[in-house]
Number of protein chains: 2
Amino acid sequence: MGKFKYLFDPRAIAVIGASPEAHRPGAQTIRALQDNRFDGRVYPVNPKYPELAGLPCYRSIADVPKPCDIAVIALPATLVPETIAACGAQGVRFAVVLGGGFREAGEAGQRLESQMLSAAREHDVRIVGPNCLGLVNVHARAYAAFGSLARPPVLSPGPVSAVIQSGGFGNSLVVRCGLAGIGFRLVVASGSESDLGTPELIEAMVDDPQTRLILIYMEGVRDGPRFVAAARRALAEGKPIVVWKAGNTRQGIKAAASHTANMTGSYDIYRAVFRQCGVVEVHDMEEAIACVQSLLVYSDRPAGDEVAIMGGSGGSAVVFSDAADRYGLRLSRLAPQTSAVLKRVLPGTASLDNPIDYAAGFITNANAARFRDAVDAVLDDPGVSQLGVMLATTTGEAAANGGKVLAEAVARHAKPVFVFLSVPRETTAGGQDALERAGIPVFPTPTRVALAMKVLSEYEKARSELHRLAAGRMADSPPPATQFPSYSGALSEHESKNFLAAWGVRVTADRLIPAAPLEATDASGWTFPVALKVVSRDIAHKSDIGGVQLDIANADELVNAVSEMLERVRARAPEAALDGLLVSEMIGDALETIVGVVNDEVFGPVVALGMGGILAETLQDITYRLAPFDLKTAHQMVGELRACAMFSGVRGNAAADIDALAATLVTVSNMSWHLRNRIAEVEINPLLVRSTGHGVVAADALMRFR
Amino acid sequence: MGKFKYLFDPRAIAVIGASPEAHRPGAQTIRALQDNRFDGRVYPVNPKYPELAGLPCYRSIADVPKPCDIAVIALPATLVPETIAACGAQGVRFAVVLGGGFREAGEAGQRLESQMLSAAREHDVRIVGPNCLGLVNVHARAYAAFGSLARPPVLSPGPVSAVIQSGGFGNSLVVRCGLAGIGFRLVVASGSESDLGTPELIEAMVDDPQTRLILIYMEGVRDGPRFVAAARRALAEGKPIVVWKAGNTRQGIKAAASHTANMTGSYDIYRAVFRQCGVVEVHDMEEAIACVQSLLVYSDRPAGDEVAIMGGSGGSAVVFSDAADRYGLRLSRLAPQTSAVLKRVLPGTASLDNPIDYAAGFITNANAARFRDAVDAVLDDPGVSQLGVMLATTTGEAAANGGKVLAEAVARHAKPVFVFLSVPRETTAGGQDALERAGIPVFPTPTRVALAMKVLSEYEKARSELHRLAAGRMADSPPPATQFPSYSGALSEHESKNFLAAWGVRVTADRLIPAAPLEATDASGWTFPVALKVVSRDIAHKSDIGGVQLDIANADELVNAVSEMLERVRARAPEAALDGLLVSEMIGDALETIVGVVNDEVFGPVVALGMGGILAETLQDITYRLAPFDLKTAHQMVGELRACAMFSGVRGNAAADIDALAATLVTVSNMSWHLRNRIAEVEINPLLVRSTGHGVVAADALMRFR
């Protein structure tokens, strides 16, 4: 369990700033601890009172008996730094700072925050908050909290731990999950995360043996790599993470910026990170509940995307199938032996194909054994990896039989089973209770069954990807031997291409010629057509000042082009220092893509792939991955582009060399990973993808270093 | 109320095929009528029994007392036609045919269905079903139904009427709405819709004074124009229609095809229809519930897309703002007088911009009057058309104050108010009850508040669009005077262009020359460059056989091109009758679009607009509208294309002539509407859009007639 043992399972909690006024935060904490009968000791601290809420009240934290593990600090910000120091001196290793007034409150607050953090480091105290509702251990009824987190409804104990960056909304999410029957272990409202941030809290929860799933409401993280590492460890340990990430849209980001000091960053990058770490993302309450319920029961059952559906309601199967299509699930083609069993046991009016319609009214007492045989046959089918049963409006005897048969089946088979049931529990003659006792998630809509199946299937894929990546020892290829000058700022196109070429990216055959008139004889023997481009670190947008000319057919045209370009550039960018002119090979018949690297300030280098040319400017058709990644991931990136049909060759064009494109993406990802402390930005635009077998060529490139 | 008065409010219901065996459909109907204490009389009909379920049982429908309004027919399909005739003879004007065995059961069933319909027409009987669960009038407790529709839970009476095409799933939807507190008037499971279809049932429900909103589960309709007319009438009468349309995806269509005989058709066209008729489409249970609840309360309040949010939970505002962005809602900029009031009444820590954060814990008893002033100020703001209040985890005194203040405010102001509240009702000290008594929808997630606001705003837009269209007397422009031969089948490019030109679509300047060698002197004085294309009704894909050559620069090149093309075409399509060759003007510097017409077998002519060229082949970037439509709708179509940024001019191109494109869409829509009985298909590909002021030109076109 390690270093956070006593944060999560405190033996005693001191409340510094305790008060007899019931609405004060400190008073709320003590009341919650008393009302909920906290397992440990409670120490009110306030020099004004000898006693509070029937407990002895201490003058200062220094007077509190040992051991005391958490100090809830309900004091003005100005008093917090010295209080933290006093806590550390007394051996209190964890402080929960409820109030605000720190970095969100301007310069003075920023200073206080630094002082608080210095005190914490010096006196070996870890801080939750500030500006937070605190934390709760539901099992031990330890409420180091105030506000809505300390008020009813009281959560039931269970295996879910939550990190919530907004106390109010995050607690709404937790409360809704609780009302849906989900039990909790820890709820931590992390507030401004001055010290303990979401990534470290995830690590701690992965280490907590009583936590089996981690639920997060976040607006952003500050330490991206640590988040990635923590999430991957959770994945490796089989503790799913379900995240609701908010502040993703223009208006959402604006709202988040005004409400906390959290950074939100690019949602596209978060999405790539979540996907690469097997983090399950949800966007609404019911989605969150369904994902948590399903992962709690089934995350250890290997679940693919080939699913079967059975029920007596054809419409439910249609609705499910629509959702399955959207979610990328496939309705399995049943094996002959499965169909044979179904034919034998189901009524003549049944539809034996998947979706299997056993016809309404089938599951009578007389047919319960047949229903069981049908369910067993489907779950035994090797082509079926998950089963959804559409009980829909089944009630009474039929619901009771359905519940009993499925409860027994889910115990005998290793495949996930879900039920759609839309009637009230009390009309199911114990059927719904039997399903739930067996752990079978029961959803009030077929679409949610499809969602749960998709989530399980994607979680399974992420786990196998993690194993593949672990086996592949990614990004261990050494950097090229070539030494480069210690660049900083922007490189010219020529320098950028040389740099990329040294890493193994194929670039156009270029000649750097002096920024001076050219004689036709100089160009004798050169291959035409060529492009001519001005080379200067001072010119980022060459075309804008007439610094690019394409399709130059021969030496004479080149001579003219050189003179004209020099004239144009000198007129339009008189200050620019020219390194020369670049005479570049022209590549025909290729697909334009753009490959870029953004060194994200939260997550580090992220590789982007998008379509080039006119498609780039009209569509936001870009896919992202955190570097480093492997070939399989690179191929996934290509497949995710909306315009990816173009790679298979449209309008009579040959298929494009996707393998070479994927290999180049991997190279760029390795390069940006190795140089993650130095690189600021890479844009290869266009990266030309030629027909299969002919590779890719970088026709222009721009790199910037820090 | 009209011709369906006694279907919906029957004075007596006969059950033909009544039975003492409780599980038989007829027995279920009688039991439901008795258990629920139907207002009218119940007549079991079965020659075998003198009495059933304590009621006198009749030998045949001919013996049943008059008036009897509905006969529920629970007999094998073979007996149904004669029974319908007997019902008509006895003055029973409505029959509910529960069983299957008709057109879904092959040829014999098809014959029975025809006989049944003939009997119905001859004897003046209207039929619900066959193959259905029947219908229920919840107010009168009239259960002409069996199966889940006749079983608990019993629905509460209210203003919603439902048409459900799948009894099982449709009833699941109705039941979930009922459990969420929504009251019902009529529920009709329409089954195979052999006679009474969804459109006519909508008409009847619009006429029913006790119905205020119509909820539909559908997989498809057979009479598209009647659906459109019924939906538009519902919109005009202010009775919102909420639809869950299933069977939209590849797998969903397959599932629907195997489960009923309903046709599903193209989902894109349904979406266009829904949008043009103000039909609110939902895709899940909670969405349906939220839309029904909101429209019931607020559909008569003009609701725009500029909204305000207030609350004490910053995270809720962030989550709401994300959803608002996705749904196209805008967070209003508050007026100075609003900000002044907020500044005066809210605490110093409040965030006064929209989203307004009044800081958690604000709504105490002492502050209730201030909260009221803040709410009033926001609702008085002319830039705010809807208000969402994020109560989140507010409980106790604060929740009670929140409920009271908002309940009073919604009565004083004409703007919709919504609340997000995630705690259980019993912790709100009556707050939630007060909100609900005042009709304020209370949702367990901020995203649903945004959804409800979007739905109201779109409903309002559809209503004003309906008024605009009604005022605009659309598509009344007369067809062109030019007479055309009575085409059928495919026209050649030349014929298609002449046809379109006569309707006012600008086409390229073309010359039809004989399919014979050309002399250079023949072409003297012609403007070059030109394109050369073979003209034949027998050749649909000219390029595939070398029948298109572009960019011919002068007369000599044209002479050669003619000889070569004739040679190629005669070799590759020796059977084709050639009308000649087309020498076409080449249009440079234009954006390629595709404008098409599909004469949908359900809905009639639908106009499609998509990007042309490479974008057409890589993206499904197409938008549809039912013809006819007006200029404003045409502009909306352009704006809906994902690549619509291209029209404003990318890569230094001038902005495209959107006005001319929109005008051409309207022309094509009028043409296809006038010719809706004759036209099969139109494809203008490409329709070239030149820069602003230079219009659009059809460079190629293909028309097919029926």
Side-chain angles (χ1 to χ4, degrees), chain A residues 147-148 151-153 166 168-172 175-176 179 217 219 246-252 255-256 258-260 284-286 312-319 321-322 324-326 331 351 353 355 357 360 392-393 395 422-424 427 444-445 447 614 617-619 642-643 645-646 650-651, chain B residues 147-148 151-153 166 168-172 175-176 179 217 219 246-252 255-256 258-260 284-286 312-319 321-322 324-326 331 351 353 355 357 360 392-393 395 422-424 427 444-445 447 614 617-619 642-643 645-646 650-651:
Chain A
S148 68
R151 284 198 303 262
S166 157
F169 182 73
N171 194 35
S172 292
V175 165
R176 293 311 302 184
L179 294 175
Y217 168 79
E219 290 165 16
N248 306 325
T249 61
R250 191 181 53 80
Q251 294 186 119
S258 70
H259 133 249
T260 60
D284 211 343
M285 292 286 184
E286 289 83 8
S313 153
S316 307
V318 178
V319 167
S321 302
D322 278 341
D325 225 80
R326 279 197 300 274
L331 288 162
S351 166
D353 277 345
D357 191 336
T393 49
T395 54
S422 62
V423 291
T427 64
T445 156
T447 50
I614 205 154
E617 297 173 61
T618 53
L619 304 167
R642 284 206 301 261
M646 292 187 67
V650 293
R651 290 207 154 178
Chain B
S148 68
R151 284 197 304 263
S166 158
F169 181 73
N171 195 34
S172 291
V175 165
R176 294 310 302 183
L179 293 175
Y217 169 79
E219 290 166 15
N248 306 325
T249 61
R250 193 180 53 78
Q251 295 186 118
S258 72
H259 134 248
T260 60
D284 212 342
M285 292 288 185
E286 290 82 9
S313 153
S316 306
V318 177
V319 166
S321 302
D322 278 343
D325 226 78
R326 281 198 298 278
L331 288 162
S351 165
D353 277 344
D357 192 337
T393 50
T395 54
S422 63
V423 290
T427 64
T445 156
T447 50
I614 206 154
E617 297 174 61
T618 52
L619 305 166
R642 286 207 298 261
M646 291 187 66
V650 293
R651 291 206 154 178

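In what follows, chains carry the letters A, B, and so on, assigned in the order in which the sequence lines appear, proteins first and then strands, with residues in each chain numbered from 1. Predicted model only: the values in this text are computed from it and were never measured.
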Please state whether the side chain, the backbone, both or neither of Leu179(A) comes within less than 4.5 Å of a heavy atom of chain B.
side chain
Hey, what do you get for CD (Glu286(A)) to OG1 (Thr447(B)), rounding to the nearest 0.5 Å?
7.0 Å
Sequence neighbours excluded, the answer for side-chain hydrogen bond (donor to acceptor under 3.5 Å, both in side chains) partners of Thr427(A) is none
Among Pro444(A), Ala317(A), Pro152(A), Gly312(A), residue most engaged with chain B (heavy-atom pairs, under 4.5 Å)
Pro444(A)
Within this structure, what is the CZ-OG distance for the pair Phe169(B) and Ser148(B), rounded to the nearest 0.5 Å?
12.0 Å
Between CG of Asp322(B) and CD of Glu219(A), what distance do you get to the nearest 0.5 Å?
9.0 Å
With no hydrogens and no angle check, do the side chains of Asp284(B) and Thr445(A) hold a donor and an acceptor under 3.5 Å apart?
yes
If I measure from the heavy atoms of chain A, does Ala360(B) come under 4.5 Å with its side chain, its backbone, both, or neither?
neither
Using a cut-off of under 4.5 Å on heavy-atom pairs, state which of Val423(A), Val319(A), Asn171(A), Asp353(A) scores highest against chain B.
Val319(A)
With chain B, the option among Ser172(A), Ala324(A), Pro153(A), Gly168(A) that has the most non-hydrogen atom pairs under 4.5 Å is Ser172(A)
